[in-house]
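Because the structure is predicted, anything quoted here is derived from the model rather than measured.
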Amino acid sequence: QVQLVESGGGLVQAGGSLRLSCAASGRTFSSYTRAWFRQAPGKEREFVAVINWSGGTIYYADSVKGRFTISRDNAENTVYLQMNSLKPEDTAVYYCGASPYVNSATYYHEGSYEYWGQGTQVTVSS
């Protein structure tokens with residue numbers, strides 16, 4: 001059974017840092033594109049960052065560029081999101097997604113991802 005499990009969320013003050021992890025199980029995800037999305041209360045799920053299988057192609061949402069870093073460890077089937085200089089507007093449930101193939105023109109669409117985790121809450125206080 002394929003599972004993605006996010007962890008590392010929590011409550012942090014503005015300007016602080018958190019590191020999210022998304023561990024995959026049930027199959028090898030080393031060839032999969034992995035991504036992070038987030039959903040704030042009352043808003044739609046939005047793209048945060050994506051990394052291809054090798055780590056050679058990475059994209060970020062403009063709102064997090066320069067503050068967040070996505071990385072992956074294929075040996076551990078895990079993808080990470082290092083979040084620095086956090087702002088109250090970063091408050092959301094963060095979800096990781098995975099898919100064997102993601103078109104370079106649609107990586108920011110949640111419908112491009114086949115597997116999803118249950119999410120982890122990130123709350124940034126002002």
Side-chain angles (χ1 to χ4, degrees):
Q1 180 181 357
V2 173
Q3 244 188 333
L4 300 180
V5 179
E6 300 96 336
S7 61
L11 174 64
V12 64
Q13 287 189 331
S17 298
L18 283 174
R19 189 193 195 204
L20 306 184
S21 300
C22 175
S25 62
R27 68 174 57 194
T28 300
F29 279 77
S30 58
S31 63
Y32 280 49
T33 295
R34 309 285 295 272
W36 288 96
F37 282 69
R38 66 186 182 186
Q39 187 167 19
K43 295 187 176 181
E44 294 185 351
R45 190 173 297 191
E46 65 174 6
F47 168 76
V48 174
V50 63
I51 186 168
N52 78 329
W53 70 274
S54 68
T57 299
I58 291 173
Y59 296 111
Y60 296 99
D62 287 343
S63 59
V64 307
K65 206 172 292 183
R67 300 187 298 121
F68 290 11
T69 302
I70 189 171
S71 61
R72 65 189 296 161
D73 183 338
N74 285 339
E76 297 293 330
N77 255 356
T78 300
V79 65
Y80 304 96
L81 187 68
Q82 178 66 45
M83 306 186 296
N84 298 329
S85 302
L86 282 161
K87 305 175 181 180
E89 51 264 43
D90 294 319
T91 295
V93 178
Y94 283 70
Y95 298 90
C96 67
S99 190
Y101 176 76
V102 177
N103 190 298
S104 60
T106 60
Y107 62 85
Y108 52 89
H109 285 169
E110 63 175 304
S112 297
Y113 298 88
E114 184 174 348
Y115 301 105
W116 288 96
Q118 83 292 344
T120 185
Q121 176 71 46
V122 172
T123 303
V124 184
S125 63
S126 57

Can you name the residues that form a side-chain hydrogen bond (donor to acceptor under 3.5 Å, both in side chains) with Glu76, not counting sequence neighbours?
->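 Once residues adjacent in sequence are excluded, Glu76 has no partner under the side-chain hydrogen bond (donor to acceptor under 3.5 Å, both in side chains) criterion.
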Can you measure from [atom1] ([X]) to [atom2] ([Y]) and round to the nearest 0.5 angstrom?
X: Arg34; Y: Cys22; atom1: CZ; atom2: SG; answer: 5.0 Å
X: Glu110; Y: Ser99; atom1: CD; atom2: OG; answer: 13.0 Å
X: Ile58; Y: Thr69; atom1: CD1; atom2: OG1; answer: 8.0 Å
X: Ser126; Y: Gln13; atom1: OG; atom2: CD; answer: 9.5 Å
X: Cys96; Y: Leu81; atom1: SG; atom2: CG; answer: 10.5 Å

Using a 3.5 Å distance criterion without hydrogens, assess whether the side chain of [X] forms a donor-acceptor pair with backbone atoms of [Y].
X: Thr78; Y: Asp73; result: no
X: Thr28; Y: Ser30; result: no
X: Arg45; Y: His109; result: no
X: Asn77; Y: Arg27; result: yes
X: Asn74; Y: Ser54; result: no

Let me check something: do [X] and [Y] share a hydrophobic cluster, defined by ILVMFWY side-chain heavy atoms less than 4.5 Å apart, either directly or through other members?
X: Phe37; Y: Tyr59; result: yes
X: Val93; Y: Val48; result: no
X: Leu86; Y: Ile70; result: yes

Where do Arg38 and Glu46 land on the side chain to side chain contact (heavy atoms under 4.5 Å, CB included) test, with the steps shown first?
-> CA-CA 5 Å; Arg38 66 186 182 186; Glu46 65 174 6; 2.6 Å; yes
In terms of the angle between their ring planes, are Tyr113 and Trp116 parallel, tilted or perpendicular, with boundaries placed at 30° and 60°?
->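 Tyr113 vs Trp116 ring planes: perpendicular.
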Is it the case that Asn52 and Thr33 place a side-chain donor and acceptor less than 3.5 Å from each other?
-> no
Do Thr123 and Gln121 meet the criterion of a side-chain donor-acceptor pair at a distance under 3.5 Å?
-> yes
With sequence neighbours excluded, residues passing ring pair (Phe, Tyr, Trp, His ring centres under 6.0 Å) with Phe68 = none
Looking at every non-hydrogen atom in both residues, tell me the closest pair between [X] and [Y] and how far apart they are.
X: Ala14; Y: Pro88; result: CB-CD, 4.1 Å
X: Gly9; Y: Thr120; result: N-OG1, 3.2 Å
X: Gly55; Y: Arg72; result: N-CD, 4.4 Å

Pairs in or reaching into residues 69-99: which pass ring-ring contact (aromatic ring centres under 6.0 Å, His included), with residues at least two apart or in two chains?
->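 Found none.
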Just so I know, are the side chains of [X] and [Y] near enough to count as touching, which here means a heavy-atom distance under 4.5 Å?
X: Tyr108; Y: Thr106; result: no
X: Val102; Y: Val50; result: no
X: Ser17; Y: Gln82; result: yes
X: Met83; Y: Arg19; result: no
X: Leu20; Y: Val122; result: yes
X: Tyr32; Y: Tyr115; result: yes
X: Ile51; Y: Val79; result: yes

Identify, with sequence neighbours excluded, every residue that meets salt bridge (Lys or Arg N to Asp or Glu O under 4.0 Å) alongside Arg67.
->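 Expected list: Asp90.
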Pairs in or reaching into residues 52-63: which pass salt bridge (charged side-chain N to carboxylate O under 4.0 Å, His left out), with residues at least two apart or in two chains?
->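 Found Asp62-Lys65.
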Salt bridge (charged side-chain N to carboxylate O under 4.0 Å, His left out) contacts touching residues 2-14 (sequence neighbours left out) | none
